[in-house]
Amino acid sequence: MSSSAFLLLAPASAQQNDEPHSKGVIYGIAIGQDRQPAKRIGLTAVPLGIALAARLPHTRTNDAGEYRFENVLWWGRYTVYADDENAGYSSFSTDPAGDTGPPEVELTPEHAEAELKVVLPPKAGFIQIHLTNQRTGAGISAMRVALMAIEKPSSPLFTMSCYSNHVILVPPDKSLLLHITSDGFREWNESIGKGKLINLTSGGHLKIDVRLEPAE
């Protein structure tokens with residue numbers, strides 16, 4: 001995820017946690033799919049079962065794959081996940097929860113330090129889009145991307161508004177439907193309707209030349 005995505009925003013109706021700030025510590029080691037320590041990988045600590053309008057703790061592993069979050073702000077349950085788009089990890093595309101839920105630890109005043117081993121999920125697939133005006137050939141600076149599972153084409157896995165040079169991370173080894181639009185243009189002709197079918201391997205790269213027709 002990008003740094004702006006480190007914010008977990010609470011709904012207006014959600015109640016804030018009024019407990020005193022903690023000085024908890026979460027530490028451990030991150031292991032990659034190759035069972036080796038994950039070096040210099042960005043990690044984020046996420047509170048479970050509570051909505052906070054606050055910047056989430058972020059750190060990076062060392063060369064031994066070790067990490068440490070100091071002065072975690074709130075008591076409670078936490079999980080830790082890889083949050084490093086350059087390395088191929090984001091909450092949208094490589095969420096580790098699966099069907100059983102993420103591994104977690106609990107920080108309390110009596111147990112202010114907790115150890116958690118983080119096993120990194122498979123890396124995402126990478127999509128690089130070259131976005132241009134179909135009539136003029138000029139570049140288009142911004143786009144909206146929506147991604148659906150083929151089993152649920154009407155329910156987006158995620159949507160994203162970003163610059164067109166932003167590399168999109170997608171869940172690996174899954175049949176997905178991609179939609180690409182931009183303000184002032186018609187939807188990409190290859191994604192109109194159900195969407196453009198894609199399936200990327202973990203760590204795989206796909207470059208797409210997308211030409212959009214102006215809306216007028």
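- Ile31 and Ile41 fall into different hydrophobic clusters, defined by Ile, Leu, Val, Met, Phe, Trp and Tyr side-chain heavy atoms under 4.5 Å apart, directly or through other members.
- With a 4.5 Å cut-off between side-chain heavy atoms of Ile, Leu, Val, Met, Phe, Trp and Tyr, the cluster of Val25 takes in Tyr27.
- Using a 4.5 Å heavy-atom threshold, the side chains of Ser164 and Val210 count as separate.
- The minimum heavy-atom distance linking Pro37 with Ala64 is given by the pair CB-O, 3.2 Å.
- Residues satisfying the side chain to side chain donor-acceptor pair (under 3.5 Å) test with Asn199, not counting sequence neighbours, are Ser175.
- Shown here for Leu169 and Gly88, the closest heavy-atom pair between the two residues is CD2-C, 3.6 Å.
- For the atom pair CD (Glu104) and CD1 (Ile26), the distance works out to 10.5 Å, reported to the nearest 0.5 Å.
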Give every donor-acceptor pair under 3.5 Å between a side-chain atom in residues 153-162 and any protein atom, sequence neighbours left out.
none

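- Taking Ser182 as the reference, Ile140, Phe185, Leu212 meet the side-chain contact (heavy atoms from CB on, under 4.5 Å) condition, with sequence neighbours excluded.
- Remark: Glu106 engages no residue in a side chain to side chain donor-acceptor pair (under 3.5 Å) (not counting sequence neighbours).
- The distance from the CD1 atom of Ile198 to the CG atom of Leu178 is 5.0 Å, given to the nearest 0.5 Å.
- Considering only residues two or more places apart in sequence or on other chains, Asn62 meets the side chain to side chain donor-acceptor pair (under 3.5 Å) condition with Glu66.
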List, one per line, each side-chain donor-acceptor pair under 3.5 Å for residues 113-132, sequence neighbours excluded.
residue, atom, partner, partner atom, Å
His130, ND1, Asp209, OD1, 3.4

What's the verdict on side-chain contact (heavy atoms from CB on, under 4.5 Å) for Leu48 and Tyr78, showing C-alpha distance, side-chain angles and the deciding distance?
CA-CA 5 Å; Leu48 299 174; Tyr78 286 83; 5.8 Å; no
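- Applying the salt bridge (charged side-chain N to carboxylate O under 4.0 Å, His left out) rule to pairs touching residues 133-157 yields Arg135-Glu213, Arg144-Asp183, sequence neighbours excluded.
- Evaluation of the side chain to side chain donor-acceptor pair (under 3.5 Å) rule for Arg186 yields no partner, not counting sequence neighbours.
- The CD1 atom of Ile208 sits 5.5 Å away from atom CD1 of Ile180, with the distance rounded to the nearest 0.5 Å.
- Side-chain contact between Tyr67 and Ile29 is absent, with no heavy-atom pair separated by less than 4.5 Å.
- The shortest non-hydrogen separation linking Asp84 to Arg60 is OD2-NH1, 2.9 Å.
- In this structure, Ala30 and Thr61 approach most closely via the heavy-atom pair CB-CG2, 3.9 Å.
- Of the possible donor and acceptor atoms, one in the side chain of Thr79 sits under 3.5 Å from a partner among the backbone N and O of Pro103.
- Pairs passing the salt bridge (charged side-chain N to carboxylate O under 4.0 Å, His left out) check and including a residue from residues 25-48, sequence neighbours excluded, read Arg40-Asp63.
- A side-chain hydrogen bond (donor to acceptor under 3.5 Å, both in side chains) check over residues 187-197, counting only residues at least two apart or in different chains, returns the pairs His179-Glu187, Glu187-Ser191, Glu190-Lys196.
- Using a 4.5 Å heavy-atom cutoff, the side chains of Leu56 and Pro47 are in contact.
- Grouping Ile, Leu, Val, Met, Phe, Trp and Tyr by side-chain contacts under 4.5 Å, direct or through others, puts Ile150 with Met148, Leu177, Leu197.
- Annotation: side chain of Asp83 is in contact with side chain of Tyr81 (closest heavy-atom distance under 4.5 Å).
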